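Here is the structure we will look at, set down as structure tokens.
It should be emphasised that the depicted structure is a prediction, and the values quoted were computed from it without experimental measurement. All heavy atoms count here, side chains included; hydrogens, waters and symmetry mates do not.
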Amino acid sequence: MTVDVKWEGEVAEFYRSFGMNQGLGDIQYRLILKVLSLNGVSKATNFSDIRKYTDEIADRGSIASKMKTVIQFEGLAKKIGRGEYVITEKGLLAADFIDKSSKHYKSVKKTLERVERIP
């Protein structure tokens, strides 16, 4: 399973349009949590794995800063070694919320497409 950066960017933009710049509307936050959740709580995720997805939208320092000041600080992931992170149960809940926000956006998008077709 992989993370679709373009889709996550589209979803983040949707939530930013409502003024949500943190969490749901933050593409970096979305991508980091999605990548961390791919391995679950039992397997470590390397920083380089996260950067595979985030390099096209942000520089390395920005992602490292987000890891330290938001992801680790809020207890969403733990650093277990040099450049290795493990998502926590709290982080999995946040990643699940990110997934649900994507499903909600998809539903809204379909509804808007149907409404546009009504004469």
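Note: the hydrophobic cluster containing Val108 does not contain Val115 (ILVMFWY, side chain heavy atoms under 4.5 Å, direct or indirect links). In the hydrophobic cluster analysis, where Ile, Leu, Val, Met, Phe, Trp and Tyr join through side-chain heavy atoms closer than 4.5 angstrom, Val3 is grouped together with Val41. The cluster map of Ile, Leu, Val, Met, Phe, Trp and Tyr, joined by side-chain heavy atoms under 4.5 Å apart, puts Leu31 and Leu93 in different clusters. With hydrophobic clusters built from ILVMFWY side chains whose heavy atoms lie under 4.5 angstrom apart, Ile71 shares a cluster with Met20.
Taking NZ of Lys52 as the reference point, atom OG1 of Thr2 lies at 10.5 Å (rounded to 0.5 Å). A distance of 13.0 Å separates CD1 of Ile32 from CG of Asp49, quoted to the nearest 0.5 Å. Here OG1 of Thr88 is found 5.5 Å from CG of Leu76. Values are rounded to the nearest 0.5 Å. Between the CE atom of Met67 and the CD1 atom of Ile50 there is a distance of 4.0 Å, given to the nearest 0.5 Å. Between Leu33 atom CG and Ile98 atom CD1 the span is 6.0 Å, to the nearest 0.5 Å. In this structure, NZ in Lys6 is found 11.0 Å from CD in Glu56, a value given to the nearest 0.5 Å.
Through side-chain heavy atoms spaced under 4.5 Å, either directly or across other Ile, Leu, Val, Met, Phe, Trp or Tyr residues, Ile80 is tied to Val86.
Residue pairs that meet the side chain to side chain donor-acceptor pair (under 3.5 Å) test with at least one member in residues 107-119, sequence neighbours left out, are Glu10-Lys109. Each salt bridge (Lys or Arg N to Asp or Glu O under 4.0 Å) pair with one or both residues in residues 90-100, not counting sequence neighbours, appears once here: Lys34-Asp99, Asp96-Lys100. For residues 63-84, every residue pair satisfying the salt bridge (Lys or Arg N to Asp or Glu O under 4.0 Å) rule, not counting sequence neighbours, is listed here: Asp26-Lys66.
Scanning for side-chain contact (heavy atoms from CB on, under 4.5 Å) contacts around Phe73 gives an empty result, with sequence neighbours left out. Partners of Tyr29 under the side-chain hydrogen bond (donor to acceptor under 3.5 Å, both in side chains) rule, at least two apart in sequence or in another chain, do not exist in this structure. Every residue two or more places apart in sequence or in another chain that forms a ring pair (Phe, Tyr, Trp, His ring centres under 6.0 Å) with Tyr105 is listed here: Trp7, Phe14. Scored by the side-chain hydrogen bond (donor to acceptor under 3.5 Å, both in side chains) test, Ser37 finds no partners at all (sequence neighbours excluded). For the side-chain contact (heavy atoms from CB on, under 4.5 Å) test, residues two or more places apart in sequence or in another chain that qualify with Ser65 are Thr69. Judged as a side-chain hydrogen bond (donor to acceptor under 3.5 Å, both in side chains), and not counting sequence neighbours, the contacts of Asn39 are Thr45. Taking Ser102 as the reference, Arg30 meet the side-chain hydrogen bond (donor to acceptor under 3.5 Å, both in side chains) condition, with sequence neighbours excluded.
Checked by atom type and distance alone, the side chain of Tyr15 pairs as donor or acceptor with a backbone atom of Ser101 at under 3.5 Å.
The closest side-chain heavy-atom distance from Thr54 to Gln28 is not below 4.5 Å.
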